Amino acid sequence: MRAMGTEIVDVADGLWVWRVDHPDWQPGLDWEPAVTSTCVESGGVVAVLDPLDPGGGGSEVWARLDARPPAVAAVLKPDHVRDVDLFVRRYGAHPYGPYLFWRDDIPETELQGIDPGSELPGGLVALYDGRGRQETPLWAPGPRALVFADALTERDGELRVWGTPWHEERALPALRAMLELPFEHVIVSHGAPVHDRAAFERALSLPPYDG
């Protein structure tokens, strides 16, 4: 479903995403303008993850969230602050996120810090991705989904691990450990947003994406 530049994708019961162009995108960046925000319901708790204002064409996004207001708003990576303040103000959602941010992109809201292993309302669990970028992907047991900020990305039809100098040493072991979880869906911010377990497994065998 797409309306006025905002796309909604229903993934599974209790899991949907919306995509909208990032206001800070500019030519030359190694990602496309449209980025993904996620709404997940797990354990009776609705959460928005890395939420971005859907803009003037986002009436359907707001209608869905108004009907089932999020109790949690989480930032999964320091440079994914986006519009968490807007969602916290509108819904009174409890905010979570990293302990540290870039000096020119700090939320006004005081976020409760997330560490790998932290459990958020609804049974959402923060994971360790091994990339050294302070990202905490989330495991959502309700819809059996992994939600990433930048650890993985879709490029040319393939899900890929976003490269780091310590890909083999740290990132791959951490990502392989996630295979112990019974997930079926994988959500990423950049590129096609929705993938399955087989695509995740295949990504671990491919060369990393290095831009």
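Since the structure is predicted, the reported quantities are computational estimates derived from the model, not experimental observations.
Under the 4.5 Å side-chain heavy-atom criterion for grouping Ile, Leu, Val, Met, Phe, Trp and Tyr, Val125 is connected to Val188 within one hydrophobic cluster. Phe183 and Leu175 fall within a single hydrophobic cluster, where Ile, Leu, Val, Met, Phe, Trp and Tyr side chains are chained together by heavy-atom contacts under 4.5 Å. Hydrophobic clustering (side-chain heavy atoms under 4.5 Å, transitive across Ile, Leu, Val, Met, Phe, Trp, Tyr) keeps Val75 apart from Val72. By the rule that hydrophobic residues join a cluster once side-chain heavy atoms approach within less than 4.5 Å of another member, Ile114 and Val84 end up as members of separate clusters. Residues Leu127 and Leu172 share a hydrophobic cluster, clusters being chains of Ile/Leu/Val/Met/Phe/Trp/Tyr side chains in contact below 4.5 Å.
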For residues 136-150, please give each side-chain donor-acceptor pair under 3.5 Å, one per line with the distance, not counting sequence neighbours.
unit_1: Arg144; atom_1: NE; unit_2: Pro182; atom_2: O; d: 3.2
unit_1: Arg144; atom_1: NE; unit_2: Glu184; atom_2: OE2; d: 2.9
unit_1: Arg144; atom_1: NH2; unit_2: Pro182; atom_2: O; d: 3.2
unit_1: Asp150; atom_1: OD1; unit_2: His80; atom_2: NE2; d: 3.1
unit_1: Asp150; atom_1: OD1; unit_2: His190; atom_2: NE2; d: 3.2
unit_1: Asp150; atom_1: OD2; unit_2: Lys77; atom_2: NZ; d: 3.1
unit_1: Asp150; atom_1: OD2; unit_2: His80; atom_2: NE2; d: 3.4

Atom pairs and distances, donor-acceptor, side-chain atoms in residues 91-103, under 3.5 Å, two or more places apart:
unit_1: Tyr91; atom_1: OH; unit_2: Asp66; atom_2: OD1; d: 2.7
unit_1: His94; atom_1: NE2; unit_2: Gln112; atom_2: OE1; d: 2.8
unit_1: Tyr99; atom_1: OH; unit_2: Asp115; atom_2: OD2; d: 3.3

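Going from atom CD of Glu201 over to atom CG of Asp196 covers 9.0 Å, rounded to the nearest 0.5 Å. A distance of 12.0 Å separates CD1 in Ile187 from CG in Leu76, rounded to the nearest 0.5 Å. Here Leu49 contributes atom CG and Cys39 contributes atom SG; the two are 8.0 Å apart, rounded to the nearest 0.5 Å. Note that CG of Asp53 is 5.5 Å distant from CG of Leu86, once rounded to the nearest 0.5 Å. Note that CH2 of Trp62 and CZ of Phe87 are 3.5 Å apart. Values are rounded to the nearest 0.5 Å.
A side chain to side chain contact (heavy atoms under 4.5 Å, CB included) with Trp18 is found for exactly one of Val35, Val61, Val9, namely Val61.
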inquiry  = Could you walk me through whether Ile8 and Glu60 satisfy the side-chain contact (heavy atoms from CB on, under 4.5 Å) test, starting with their C-alpha distance in whole Å, then the side-chain angles of each, then the deciding distance to 0.1 Å, before giving a yes or no?
reply    = CA-CA 8 Å; Ile8 294 175; Glu60 175 62 21; 3.2 Å; yes
inquiry  = Go through it in stages, so that I can follow the logic: the residues are Leu179 and Arg197, the test is side-chain contact (heavy atoms from CB on, under 4.5 Å), and I'd like the CA-CA distance, side-chain angles, deciding distance and then a yes or no.
reply    = CA-CA 9 Å; Leu179 292 171; Arg197 186 183 182 95; 3.9 Å; yes
ask   = Could you walk me through whether Ser189 and Arg82 pass the side chain to side chain donor-acceptor pair (under 3.5 Å) check?
value = CA-CA 12 Å; Ser189 182; Arg82 298 182 177 178; 2.7 Å; yes
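In this structure, Trp16 and Val40 have side chains that are not in contact, with every pair of non-hydrogen atoms separated by 4.5 Å or more. Looking only at side-chain heavy atoms (C-beta outward), Val17 and Glu7 stay at 4.5 Å or farther from each other. The shortest distance between side-chain heavy atoms of Val81 and Ile106 does not fall below 4.5 Å. Proximity of Met178 to Phe200: side-chain heavy atoms (C-beta onward) are separated by under 4.5 Å at one or more points. Side-chain contact between Asp83 and Pro51 is absent, with no heavy-atom pair separated by less than 4.5 Å. Leu15 is listed as a side-chain neighbour of Thr38, based on a closest heavy-atom distance under 4.5 Å. Counting only heavy atoms from C-beta outward, the side chains of Leu111 and Pro107 approach each other to under 4.5 Å. Arg176 has its side chain within reach of Leu204: a pair of non-hydrogen atoms, C-beta onward, lies under 4.5 Å apart.
Residues in residues 154-163 take part in these salt bridge (Lys or Arg N to Asp or Glu O under 4.0 Å) pairs, two or more places apart or across chains: Glu158-Arg202.
Remark: the Asp50 side chain and the Ser37 side chain contain no N/O donor-acceptor pair separated by less than 3.5 Å. Remark: the Thr36 side chain and the Arg19 side chain contain an N/O donor-acceptor pair separated by less than 3.5 Å.
Counting all heavy atoms, side chain and backbone alike, Glu168 lies closest to Pro173 at O-CD, 3.4 Å. Between Ser42 and Gly122, the shortest heavy-atom contact is OG-O, 2.9 Å. For Ala192 against His195, the heavy-atom pair with the smallest separation is O-NE2, 2.7 Å. When all heavy atoms of Gly163 and Arg131 are compared, the pair lying nearest together is O-NH2, 4.4 Å.
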